[in-house]
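Have a look at the structure below, then the notes.
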Amino acid sequence: MRIYYSEAHRAHFPQGELHGGELVTPFERPSRIEYILARLRARGMDDLHDPGEVDLAPIRALCDAGYLQFLETAWAEWTAEGFAGEIIAASFPARRMQSARPPRNIDGKVGYYALASETAITAGTWQAACASAACAQGATAHVIAGARCAFALCRPPGHHATADMYGGYCFLNNAALSAEAMRAGGAARVAVLDIDFHHGNGTQDIFYDREDVFFASLHGAPEDAFPYYLGYADETGTGAGVGATANFPMPPGTDYPEWSLALDDALARIRGFGADGLVVSLGVDAYKEDPISFFKLDSPDFFDAGRRIGAFGLPTVFCMEGGYSIENVGINTVNVLEGFLAGC
Ligand SMILES: NCCCNCCCCCC(O)(O)C(F)(F)F
Ligand SMILES: [Zn+2]
């Protein structure tokens, strides 16, 4: 399996994540990638490729122009304002406020484009987000060219990012970019299967009115888990997209026997949709020891999940999302990939 990876991810490592009223070392940290790379090497999966420069055209087609300009210029505006810390959103367009009018003030603009406050933006965030998107672009091009699969070792992750919002450690939606590229590459219908513990609100939002891209997500119930405000089972799409979104929210303590029933249901829905290509938002924070999640999957379960996805039989692009049990993120991620290859 070819792997797309960029060292440029290191440009994004905020000093602090707002967690429990403290600024802690971010859970989404560069060492996650080190553990994944080490495990890939240990298992002989060393077909690594640097994706090179990002192609901004598909990103401009996907995202709101004001949002992209914000991501690109926020740090300069923030520091010009005289703020000493990293960019953290503090004011939001809350209920019954003007949520379609971005302020001029940078502090106001940050909250306008943020969906959560835990994620800081720093001087290198834009660079890292573009390199992460380039990994998704490279992996997708490889599959479009005929490969059965590819792995975009994306960091920062992407599935919480919408066309005009960042948060949950995400800035550009790598999986959505991959799905769009698959469509542009000839796949008539594409499915995104999100197995990260957290609901892929961004991916759902981007494709919610689309009948050509199916979104399925297994995740912690929004009543209990971030992103909290999307991911209910009754969200099934809108307009032409009705029936092309399938959410499988699950309660705290969910184990693999239960989780795998949802996986099989999601795959059945994707089969019924008639997808020609598959993008997997690969988060492994459903792991039993994940510090910010509440499912109970064990490492062998990730192999079995991968096997089921491989047996499904579609050209598949994996985009790395979350997973914060640092010592196990490599084992669990590579288990999915090895299971996938075993299932093909
Ligand atoms: N402070 C504790 C609450 C956690 N709040 C943010 C959780 C973000 C999860 C990110 C992720 O794992 O879904 C991704 F795949 F995007 F990385
Ligand atoms: Zn997650």
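Each ligand, and each atom within it, is numbered from 1 in the order the structure gives. Everything numeric here is computed off the predicted structure, so don't read it as measured data.
Backbone and side-chain nitrogen or oxygen atoms of His198 are examined, and one is located within less than 3.5 angstrom of a nitrogen or oxygen of ligand 1. When only interatomic distances are considered, the shortest N/O to N/O separation between Asp196 and ligand 1 falls below 3.5 Å. For ligand 1, the polar-atom distance check finds no N/O of Glu28 at less than 3.5 Å from any of the ligand's N/O atoms.
Contact annotation for atom 2 (C) of ligand 1: protein present (non-hydrogen atoms, distance under 4.0 Å).
Phe226 CD2, 3.7 Å is the protein heavy atom nearest to atom 7 (C) of ligand 1. Atom 8 (C) of ligand 1 has Tyr169 CE1, 3.6 Å as its closest protein atom, hydrogens excluded (heavy atom only). Of all protein heavy atoms, the one closest to atom 17 (F) of ligand 1 is Tyr324 OH, 2.6 Å.
The closest approach between any non-hydrogen atom of Phe27 and ligand 1 is not below 4.0 Å. Heavy atoms of Cys170 come nearer than 4.0 angstrom to ligand 1 in at least one pair.
A ring-centre distance under 6.0 Å is not found for Phe215 and Phe273. For Phe294 and Phe197, the ring centers sit closer than 6.0 Å to each other. Separation of the Tyr5 and His9 ring centroids falls under the 6.0 Å cut-off. Ring centroids of Phe226 and His160 are separated by less than 6.0 Å, placing the two rings close together.
Glu22 CD: 12 or fewer foreign heavy atoms inside a 6.0 Å radius.
Proximity of a side-chain donor or acceptor of Tyr208 to a complementary backbone N or O of Thr236 within less than 3.5 Å is detected. A donor-acceptor pair is defined here as one N or O able to donate and one able to accept, closer than 3.5 Å; no such pair exists between the side chain of Asn328 and the backbone of Ile331. The closest donor-acceptor contact from the side chain of Thr254 to the backbone of Pro252 lies at 3.5 Å or more, if one exists at all.
Looking only at its N/O/S atoms, His198 has ND1 as the one nearest to the Zn ion (ligand 2).
Within the set His159, Glu118, His199, Arg155, the minimum heavy-atom distance to atom 6 (C) of ligand 1 is found for Glu118.
Close contacts between ligand 1 and His19 involve ligand atoms 1 (N), 2 (C) [criterion: under 4.0 Å to a heavy atom]. Numbered from 1 in the order shown, with element, the atoms of ligand 1 that lie under 4.0 Å from a heavy atom of Asp285 read 12 (O). Within ligand 1, counting atoms from 1 as listed, the ones closer than 4.0 Å to a heavy atom of His160 are 9 (C), 10 (C), 11 (C), 13 (O), 16 (F).
For the residue pair Ser325/Asp290, the side-chain donor-acceptor check at 3.5 Å is not satisfied.
Among residues two or more places apart in sequence or in another chain, the side chain to side chain contact (heavy atoms under 4.5 Å, CB included) test is passed with Pro249 by His219, Ala221, Pro222, Ala233, Asn247.
In this structure, OD1 of Asp196 and OD2 of Asp285 enclose an angle of 110° at the Zn ion (ligand 2), rounded to 10°.
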